[in-house]
Amino acid sequence: MTGENRIDKLRKLSRQTYLHNRKRKKLSSLEDELRDYVYIFEGVKLTQAEERELSYKKEIYELAKEHFVEENTDEYKMPDAYDIDGAINQEKRFSVANRRRRDTEAVEMMKFFAELDAWEEHQKGKSTLKFGSQDGKNAAEDYNYVFEDQIDFVQLSGIDEEPSEAESGSISRGLMEERKTLPIYSFRDELLHAVNDHQVIIIEGETGCGKTTQLPQYLHEAGYTKQGMIACTQPRRVAAMSVAARVSHEMGVKLGHEVGYSIRFEDCTSEKTVIKYMTDGMLLREFLGEPNLSSYSVVMVDEAHERTLSTDILFGLVKDIARSRKDFKLIVSSATLDAVKFSEFFDGAPIFRIPGHRFPVVPYYTRVPEADYIGAAISTVLKIHVTEPLGDILLFLTGQEEIESVDGMLKERTRGFGTKIAELIICPIFANLPTELQAKIFEPTPEGARKVVLATNIAETSLTINGIKYVVDPGFCKTKSYNPRTGMESLVVNPISRASANQRAGRAGRTGPGKCFRLYTEYSYKHELEDNAVPEIQRTNLANVVLTLKSLGIHDLVNFDFMDPPPSEALLRALEQLFALNALNAKGELTKTGRRMAEFPLDPMLSKMVVASDKYKCSEEIVTIAAMLSVGNTIFYCPKDKQVHADNARMNFNPGNGDHIALLNVYNAWKEMEYSTQWCYENYVQVRSMKRAHDIRDQLEGLLQRVQIDIRSNPSDLDATKKAIASGFFPHAAKLRKDGSYRTLKNPQTVYIHPSSGVVRVHPRWLVYNELVLTTKEYMRQVTDIKPEWLVEIAPHYYHLKDVDDPAIKKMPRGQGKPALWQWNSQIKMGRVGMR
DNA sequence: GAGCACTGC
C-alpha cells in the first residue's frame, strides 16, 4: 500500500469518525425529541396524524439506537473531527485485526446513517433519494434490518402482519440483492413486455415469489406511473399496510409519499403517490366517485383466488373499463391453479407462472376416514409431541367452542405424563379472542418446549405464525350460507376445499421443511374435496352489491359480467328488498333515498334506517345503533367460566326496550366513562369491537353531513328512535303467536327470539328483527318492539291495514303482551336471571 | 334459554 493511499484511507476514516460523532449527537437529539413528544401527548387521545408521527419517531429512534453500537470504545477512542494526524497516530497503534474490525464497523455505520439522513431529508420533504439506482448495494444490507425491525414493531403494537404475502423472504442479506433473488426478478423484462403488449395479464405466482411488492415497482420503473397511479388491491387491511411499508422501504421513500396505502378510516397517500396499495373494498368505493378510474393507469388485483365479494365485483367493472380505455392495464394475480379460469374470463389473457421458493411439506393421510375428528386431532397432536423432533404444531379447528374444549382435553391428557415429556404450551387463537390473549401465539417458544396453536381459519390466510413445523388438518371449517328464499343465514361446519387444504399445509413450510397430518384419506383429498370453495358472491345477501352496482349506473344486473354469477333468486330478492326500502323505483332506477343510502358503507336496511332518522330527528342515536350493529354480534365477550356474570352484565343494558336500544345504552355508557378500557372489562364488553364501533360512528357522522342530514338527538322520545329503526327494518317484521313463537309478516315462517336477546321473556306482540339465523332453531337476532300501526304509516306500499289487523289482541289475557318490566329488572339486579 | 368461521366498506 502506498503512503498516499494510506493517507486517503485515513482521511476517509477520520471523516467517518466525524460522522460518527455527529450521528451520536443526532441519536441523543432523536431521543429527546421522542421523549418530548411522548411527554406532551401523555394521556391525550392522539389524532391519526399524530399517531403516525409518533410511531415514525419511535421507529427512527429505535433504528438509530439498534445500529448505534459503540463497541470497542475502550480499545479505540475516536479521534476528533478532521484530526488527520491524530488519526494516523491512532492508526499506527492498531493491530491489523482491530483495524479491520473498525473499518467494517465504520463502513456499516456509514451505510446506516446515510440511510438515516435520507429518511430525515424525507421528513423535511427536501429531496428524494433512491437507493435502488445508485448506491443500492450499500444501503441494501441495512434496509433488510429496517424491515425486520418494522415487523417487530408492528407486532408489538398488536397488529397481526401478513409477511407471507408481503414476500418477507429474509434469506439473502442485501435489499437490492434480495430483490434480485426473488423468483419474479428473472421474469422482469418478460413481464414488462407482456404488460406492454397486452391489456390484461394473469399472474400465477406462489407465495413468496415477489409479485405483490415487485411488479408495481417494475411498472413504476418502466414509466407507467407517468399517466396515472398504480393501484394494487389486497383483501385485508393489514396486508395493504405492511406491503406498502415494505415497498416504500425498498424504494427509499417515506410511506405515504410516492408509495402509500388507502384503507377504511385511514388514507395514507398524498399528491405525490404513484403506487397505492388498498383494500379491494376501498377501490370499489372509489369507483363510485370515479367510474372510469381515470387517475389510475394500472390496476393489479392481488390475491384474486380468494374471491372476496369485492374482488368479484371489481372483475366485472375493470373488465368493462379495459374495453373503453385502451391505455388502461389490468393485472390479475392469483396463487392457485385456477388461473385458466381467470384467463377465460378476461378473453384469453396470457398467463404467467412464477415459481415461489417454499420448503417442502410432506402430507400424511389417515388410512380410513375418522369418525371423531376431535379425538383424532388430539391424539395426533400428542403423537407428534412425543415422537417428532421439536417444532411447533398448528391445529385447525372450526370455532371457539371446539378450541376451548380441545384446550381443556389437551391439558388433561398432558397432565398425566408429568415430566416424562417436554412441556406443551397450548395457544388458542380465534378472531373474537381479546387482543391481549392473541398476542400469546407470537411469543417465541421456550427452549425445549413445544407450542401447539389451536386456531380457526384465521391462521389459514389472515395471520402467520412463525416456527410452525407440523400442521394437523381435520379438514373442516365453518362457512356462512344464505338462503335467498327465506332470507335466513346459517353457519355450518363443512368440509374444506382442496385449495384450502393446500393453503393449510403450506403453513408448515414457511421456515423449513414440514409435515402436514390430514385427518382424512388420500382418496377424500383427491376425489371428494371440491377444488375451490364456493365464492362468497354465491352465498350471501346481495342487497348491498345491487345497491352499489345500481349507483354505478349498471341496470341490467342479470347480464352483468360476473365470473361466477350469483343465483338469480338472490339477485331478485335483493332487488325486491331495495324496492321495498324505496331505494329503487318501479323502473329499477335509484331514487333520491337510494342515492343517499349508497353513500353509507352499511347494509341497505341499516342505511335506510340512518337516512330515515332525519325525519324522526334522532340521527345521533341511530348512527350509534347502526355502528354497533355493523360491528356484528361480537360486542359482548363471554368466557365460559364467567358466563353468568357476562349474561347479567349484558342484561343490565336492556331494560326491555329492545336490543337496538340496548346497544345504544352500551355505547353511551362507554362514552360516559370516557371510552374506558377498564369499563369494558368490567362489563364483559369487547374493547376492540367498541373501538371499531367508535370509528364507524365517526365515519357515519361525516357521511351524514355529506347527504345533508343534521345530527340531532332526541333521547327522551324512544318511540322516535324505534320508528326510525322500523323505517329500515319493516321488511323484517314479525308477530307474536299464542305459543310464544313468532310469524314473519312477509314470506310467512315461524321464528323465535334468540335467547341472548334482552326481550326474550318480554314477548312483545310486534317486533322487527335485525337478522334471521338458523342454528338449532330459526332465531331472530337483535329485535325491537314496535306498534303495528307504524308499519302502515312507514311503509304504506308494503303493508296494508289488514296485514296488521290483530283480532287476537282482545282475547289475550291482560299483561301477557306487556309484562311488568320493573319485575324483570329487579330479577336481573338480584342476579337471578341467567342462573339455572 | 342458546352460541359467535373469516374478511371488507
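Residue numbering restarts at 1 for every chain, and letters A, B, ... go by the order of the sequence lines. Owing to the predicted nature of the structure, the values given are computational and were not obtained by experimental measurement.
A search for salt bridge (charged side-chain N to carboxylate O under 4.0 Å, His left out) contacts involving D473(A) returns R504(A), not counting sequence neighbours. Legend: residues meeting side-chain hydrogen bond (donor to acceptor under 3.5 Å, both in side chains) with S405(A), ordered by chain and number and at least two apart, are absent. Evaluation of the ring-ring contact (aromatic ring centres under 6.0 Å, His included) rule for Y769(A) yields H732(A) as partners, not counting sequence neighbours. The side chain to side chain contact (heavy atoms under 4.5 Å, CB included) search around P291(A) returns none, not counting sequence neighbours.
Taking every side-chain heavy atom of T456(A) into account, dA5(B) is the closest of dC4(B), dA5(B), dG8(B). Taking only side-chain atoms of I458(A), from C-beta outward, the nucleotide of dC6(B), dA5(B), dG8(B) with the closest atom is dC6(B). Considering only side-chain atoms of R285(A), the nucleotide from dG3(B), dT7(B), dC9(B) that sits closest is dC9(B).
For dC9(B), the OP1/OP2 oxygens have a side-chain nitrogen or oxygen of T279(A) closer than 4.0 Å. At the phosphate of dG3(B), OP1 or OP2 sits under 4.0 Å from a side-chain N or O atom of T775(A). For the pair T776(A) and dA2(B), the criterion of a side-chain N or O lying under 4.0 Å from OP1 or OP2 is not met. Of the side-chain N and O atoms in R237(A), one or more sit less than 4.0 angstrom from OP1 or OP2 of dC9(B).
Per the geometry, CD belonging to Q400(A) stands 18 Å off P belonging to dA2(B), to the nearest Å. Rounded to an integer number of Å, the gap from L549(A) CG to dC9(B) P is 18 Å. One interatomic measurement links the two molecules: NE2 of H754(A) to P of dC4(B), which rounds to 6 Å at whole-angstrom precision. Taking atom CG of residue L463(A) and atom P of nucleotide dT7(B), one finds them 8 Å apart after rounding to whole Å. Spacing between atom CG of L542(A) and atom P of dG8(B) amounts to 20 Å, rounded to whole angstrom units. The distance from atom CD of E306(A) to atom P of dC6(B) is 15 Å, rounded to the nearest whole Å. Atom CG in L703(A) sits about 10 Å away from atom C1' in dC9(B), given to the nearest Å. Atom-to-atom, CD of E536(A) to C1' of dC6(B) comes out at 9 Å; the value is rounded to the nearest Å.
Residue-level contact check: I696(A) touches neither bases nor backbone, having no heavy atom under 4.0 Å from any strand. Residue F636(A) is out of contact with every strand shown, counting any heavy-atom pair closer than 4.0 Å. In this structure, R307(A) reaches neither bases nor backbone, as no heavy-atom distance under 4.0 Å exists between it and the strands shown. R264(A) comes within 4.0 angstrom of a nucleotide base, judged by non-hydrogen atoms across all strands. Among the protein residues, T398(A) comes within range of the sugar-phosphate backbone only, with heavy atoms under 4.0 Å from sugar or phosphate atoms but none that close to a base.
For dA2(B), the base has a donor-acceptor partner in the side chain of D647(A) [N/O atoms by modelled type, under 3.5 angstrom].
Comparing T479(A) and P755(A) by the nucleotide of DNA chain B that holds the closest heavy atom to each, the one mapping nearer the 5' end is P755(A). The 5' end of DNA chain B is approached more closely, in terms of each residue's nearest nucleotide, by N457(A) than by the other of G281(A) and N457(A).
A ring-ring contact (aromatic ring centres under 6.0 Å, His included) with F315(A) is found for one member of F562(A), F560(A), F342(A) and no other, namely F342(A). Remark: of the listed residues E701(A), H694(A), H660(A), R697(A), R697(A) is the sole one forming a side chain to side chain donor-acceptor pair (under 3.5 Å) with T624(A).
Ring geometry for Y779(A) against Y752(A) counts as perpendicular: the plane angle is over 60°, on a 0 to 90° scale with 30° as the lower cut.
Contacts with DNA chain B (heavy atom under 4.0 Å) in residues 597-607 of chain A: P601(A), listed by number.
Residue pairs meeting the side-chain hydrogen bond (donor to acceptor under 3.5 Å, both in side chains) criterion with at least one partner in residues 278-291 of chain A, sequence neighbours excluded, are K276(A)-E286(A), D280(A)-T308(A), E286(A)-Y296(A), E290(A)-S294(A), E290(A)-S295(A).
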